[in-house]
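In the text below, chain A, chain B and the rest are named by the order of the sequence lines, each starting its count at 1.
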Amino acid sequence: MNTPELKTAIADGLARLSTHADELRDLDAALGDGDLGITVSSGSQAVIDALGQLDDSVSPSEVAKACAKAFANANPSTMAALVAGGLLAGSKVWSGKTTIDLTDSIDFAQAAADSISTRGKSQRGDKTILDALMPAIDALRTAPTTDTALSAAIAAAEKGVEDTKGVQSRRGRAAWLQERSIGLADPGATAFLRFLQEWKTR
Amino acid sequence: MNTPELKTAIADGLARLSTHADELRDLDAALGDGDLGITVSSGSQAVIDALGQLDDSVSPSEVAKACAKAFANANPSTMAALVAGGLLAGSKVWSGKTTIDLTDSIDFAQAAADSISTRGKSQRGDKTILDALMPAIDALRTAPTTDTALSAAIAAAEKGVEDTKGVQSRRGRAAWLQERSIGLADPGATAFLRFLQEWKTR
Amino acid sequence: MRKIINNPDDFVDEFVEGILLAHPTLLKTPGDDRRVLVRADAPVAGKVGIVTGGGSGHLPLFKGYVGMGLCDGVAIGNVFSSPSSEQVLKATQAVDGGAGVLYLFGNYGGDVLNFELAADLAEMEDIETLSVLGTDDVASQPHERKADRRGVAGILFAYKCAGAAAERGDDLAAVAAAAQDAIDHTGTMGIGLSPTILPSAGKPTFELADGEMEVGIGIHGEPGIHRGALESADLIAARLLTPILDDLDIASGDRIAVLVNGMGATPLEELYVLYRRIFQLTSERGLTIAKSYIGEYATSLEMAGASISVLKLNDDRLELLNAPAHSPFFREA
Amino acid sequence: MRKIINNPDDFVDEFVEGILLAHPTLLKTPGDDRRVLVRADAPVAGKVGIVTGGGSGHLPLFKGYVGMGLCDGVAIGNVFSSPSSEQVLKATQAVDGGAGVLYLFGNYGGDVLNFELAADLAEMEDIETLSVLGTDDVASQPHERKADRRGVAGILFAYKCAGAAAERGDDLAAVAAAAQDAIDHTGTMGIGLSPTILPSAGKPTFELADGEMEVGIGIHGEPGIHRGALESADLIAARLLTPILDDLDIASGDRIAVLVNGMGATPLEELYVLYRRIFQLTSERGLTIAKSYIGEYATSLEMAGASISVLKLNDDRLELLNAPAHSPFFREA
Ligand SMILES: Nc1ncnc2c1ncn2[C@@H]1O[C@H](COP(=O)(O)OP(=O)(O)O)[C@@H](O)[C@H]1O
Ligand SMILES: Nc1ncnc2c1ncn2[C@@H]1O[C@H](COP(=O)(O)OP(=O)(O)O)[C@@H](O)[C@H]1O
Ligand SMILES: [Mg+2]
Ligand SMILES: [Mg+2]
Ligand SMILES: [Mg+2]
Ligand SMILES: [Mg+2]
């Protein structure tokens, strides 16, 4: 993908993400403060707007940076800050590139996951977005063909979200709930899954 | 009636007045602040308690004074202050007397009504307690026999209360309602009617 | 009920006890009657005393305005009920410094009668008194019957002006005149969005559906002049402000003081949204807001709603407003 | 909804504009970003700057504690949402007087991340920063995990201590130490009786039936440690106070400061009913309340409820608490 393709792909991928806002709000209301719906819908919109302002001549790395900044400021919650930090970290591994392939995407995602883990002091199993993101990266890596990679990532993220139901939140607001957090899926992990699904059907 | 008889009569007359507290509260809630139920029930109880403390050797005038003080302090609302002022005024016309007859009662009631009218800057037709009290006094005065006097007073007070429904409140909280006060009976007038009825069946 | 209380019958005695325990250097009770609070330094010899009073449930009104540069004492009634004349008398005796006592309170039947009675009793003890009544609620009576209006949050201005006048040594007639002058130039109008529940009654004082507003409501939930669907903050600001400015005959070039008062459950943020619009509207009219108060100054327990009060200023009134004052609930440096 | 607002999306901008219009001599905004407020005299040359920030809907928290002897600036998020790192950076630049800047804010993921990011950005501009987090909510984590606790109303003590330290000329490390010392000796616990409605969401943040209470609730309605039938004020006082005193290891002979905080819709009267019992309970334990604050200091819009905060005192902390401070919402003379 070159920059114009990347911009279109992101804008299309985010176009319907806000249809999941209610689901995410309700999950976050049960486990946290209920603003994840806003973070995701106003964040996607801000990214789409920012992409619209962006010249086609910039690099894919600049595209990622612009997305990061827009998402960070739209509704600056935990997810917004972590995701924005992740996108910034990802943008660094793309520096110098003019087109992006599957391997680049995997490197990007890995850098993002590492950034979230470092800034969030969180690991797989803490019931966070990482529980969907990290298995998805693994699936991308081991997928036999490029064509099946995305579906494999979605399946892995789906299982990751499902698994978060059984565990106790150890990070963010939801951690305050302690045992009471068991039984519900992690909102951030769910948001990432919905993003992948929208990306596939864009 | 001598002092012991008077004390018993008052205590018996007030014993069940609090059964009308809900009716009075609701009327006062519609036209004012809803505390007339409390004024009447805690006021009656305070009077009954005060009478219990009172020696049988005191004069009827002292009995009335004690009632006034107790009623004034129990729940010091408009009605409490006006009625207490009225009882004080009545107590003055009884001074020197050791027994009380119908004429004395009429004089007492008239002095009370005058006091309420003066302190309250109110007249018949303003939709206040006076609209029950004043017709009742007239009825007492013109009743053919002592036996029928009370019933005549009740009938007159009943009509007085009924008449307050058609007019606009001109005094107290209810006056703020202006036209919206039309249609409901005056709470204070109703309270006086209930008192007369309880007095009869004591 | 969503109340943090013990036995409802003890509510008033308990919170007054709490006030006394929290502010022992500023307030005291004369004798053992917890229904009377006076300044810790009362009586101040030679100074006119000011006694206020009224029903409970309006904090910081009335108890909150006892302090230096404000009132000297307060007689405390049950929730939304008048204090007794006996309590007013006790406050009077405790604050009388030999220069007479001003009674400054809201125009409610029960309060008026009990203060009148107390004045008679004080006279028998050779304490001179004068009475000035808060009558600032423009929604409660038309302009011609200003003296019959309810007293609501705007009494704050009268406390501040009379308190400052007393503190600088004005005599009783002058202190009363300062209070009356403030009231003559004050108008208030309120809006209610939800009713109050009295602790002892346990049910709402009036019915108001979610999404409805009562314009012109009194601080006991007395009905106003209009009930309808809730409007935007900007429209509400205009609805409340315009009748006040008209009533006080305020015109371009005038200076005013503004009080945006929360009635209990309305967040401070919303009061500032109102103030923003008030500022715009008064600027458009060519007025200057020389002084503003935004917060809870006269509440109705947990009623949701707000009121706007305006005091038309002149140099005198502004000077009195700016004079120092200090109570546990109010401070002017 | 029972809210006096215009378009919910404009809520924060409008009330911040109202604050600026009402207090132009005390507060200003650097540049044109209404989401950043600083002291009118910022930057104070040579003084350590203190920047706080967090979501809106908690007035007087956070904006109310910008002033002399308190914080120098605040970054303002949407209702219950973090400010952005960009806004924190703007506040940092505007208050930096050359002696570095302390970030003092509550321990919430979004805030922590955005302040961290701002610190990175400030470093690139050669502004030295340190961060201290409010972690006073004893109900949110056990004693061993104090650093992971939520920050709630008790941050007031840290503002006061750090603000006084900065004002007297302490360097950045010392100001941060004063803030951390206050937080280390502060515990808070709250109770909620009704939920909040976010202006933009239009529905309650959580469900709580009439007559129920949530003990240990957070200031965004986060669940606490016990939900049950509403109890008497005296029992509630003990439920909130005892865990705090235990957590802080407060023993007979200790002096404490107490903050009884209303969360929005709870009448001031009820806070004094609570204070009365707190006074009794602490007296029984042999403690002295050397300083008390009773009122609304950190709210959750129109939530009904209250919290109790305790600061264990020593001479230093008491001196810092008593130092002068002045903002439109808070004053210590
Ligand atoms: N420390 C952390 N590390 C990684 N992810 C986290 C962390 N804290 C929270 N999250 C993720 O963020 C989600 C909540 O996001 P958001 O609603 O924006 O948080 P908040 O409203 O508390 O600021 C959680 O469901 C979780 O997936
Ligand atoms: N000025 C007045 N003169 C005579 N009666 C009055 C006056 N004002 C009020 N009342 C009577 O008092 C009744 C209300 O009493 P109450 O509930 O005690 O008043 P409030 O609660 O307003 O103090 C009215 O129904 C009316 O009968
Ligand atoms: Mg959230
Ligand atoms: Mg009444
Ligand atoms: Mg009454
Ligand atoms: Mg959030």
Is D/Q280 in contact with chain C via its backbone, its side chain, both, or neither, using a 4.5 Å heavy-atom distance?
side chain
Determine, for C/K160 against C/E332, whether the closest basic-nitrogen to carboxylate-oxygen distance falls under 4.0 angstrom.
no
Relative to each other, are the rings of D/H58 and D/F62 parallel, tilted or perpendicular (30° and 60° limits)?
perpendicular
Find the one option among C/D210, C/I236, C/L208, C/V12 whose heavy-atom pairs under 4.5 Å with chain D are most numerous.
C/D210
Against chain D, work out which of C/G262, C/S232, C/S300 has the most heavy-atom pairs shorter than 4.5 Å and name it.
C/S232
So, do D/V66 and D/L70 sit near enough that their side-chain heavy atoms are less than 4.5 Å apart?
no
One thing to verify: whether C/D41 and C/K28 come together as a salt bridge, which I'm taking to mean a side-chain N less than 4.0 angstrom from a carboxylate O.
no
Name the region of C/I191, side chain, backbone, both or neither, that has any atom closer than 4.5 Å to a heavy atom of chain D.
side chain
Chain C interface, residue from D/I278, D/L235, D/I19, D/V258 that has the most non-hydrogen pairs under 4.5 Å:
D/I19
With chain C, the option among D/E14, D/K63, D/E269 that has the most non-hydrogen atom pairs under 4.5 Å is D/E269
Answer key: most heavy-atom pairs under 4.5 Å with chain C among D/I289, D/L59, D/L20, D/L274 is D/L59
Which atoms of C/I294 approach chain D - backbone, side chain, both or neither, heavy atom under 4.5 Å
side chain
What part of D/F11 gets closer than 4.5 Å to chain C, counting heavy atoms only: side chain, backbone, both or neither?
both
Under 4.5 Å from any heavy atom of chain D, what part of C/I5 do you find: side chain, backbone, both or neither?
both
Backbone of C/F329 reached by a side-chain donor or acceptor of C/S327 within 3.5 Å
yes
Salt-bridge present (C/R277, C/E231; N to O < 4.0 Å):
no
Classify the ring geometry of D/F279 against D/Y275: parallel below 30°, tilted from 30° to 60°, perpendicular beyond 60°.
tilted
Could you check whether D/E302 pairs with C/R2 (Lys NZ or Arg NE/NH1/NH2 to Asp/Glu carboxylate O, under 4.0 Å)?
no
If one checks every heavy atom of C/K3 against chain D at 4.5 Å, the contacting part turns out to be both
Could you tell me which portion of D/S292 (side chain, backbone, both or neither) has an atom closer than 4.5 angstrom to a non-hydrogen atom of chain C?
side chain
Taking all non-hydrogen atoms of both residues into account, name the closest pair between C/P24 and C/A40 and its distance.
O-CB, 4.5 Å
Where on D/L268 is there a heavy atom nearer than 4.5 Å to chain C: the side chain, the backbone, both, or neither?
both
Of all of C/A333, C/G211, C/A306, C/G295, which one pairs up most often with chain D through heavy atoms under 4.5 Å apart?
C/A333
For the interface with chain D, which of C/A237, C/A233, C/P328, C/P267 has the highest count of heavy-atom pairs at distances below 4.5 Å?
C/A233
Residue part contacting chain C, namely of D/H23, when any heavy atom lies under 4.5 Å:
side chain
How far apart are the closest heavy atoms of C/A22 and D/Y272, and which atoms are they?
CB-CE2, 3.9 Å
Counting N and O atoms only, with roles assigned by atom type, does the side chain of D/T29 sit under 3.5 Å from a partner on the main chain of D/D32, one being a donor and the other an acceptor?
no
Chain C contact via D/L230 - which portion, at a heavy-atom distance below 4.5 Å
side chain
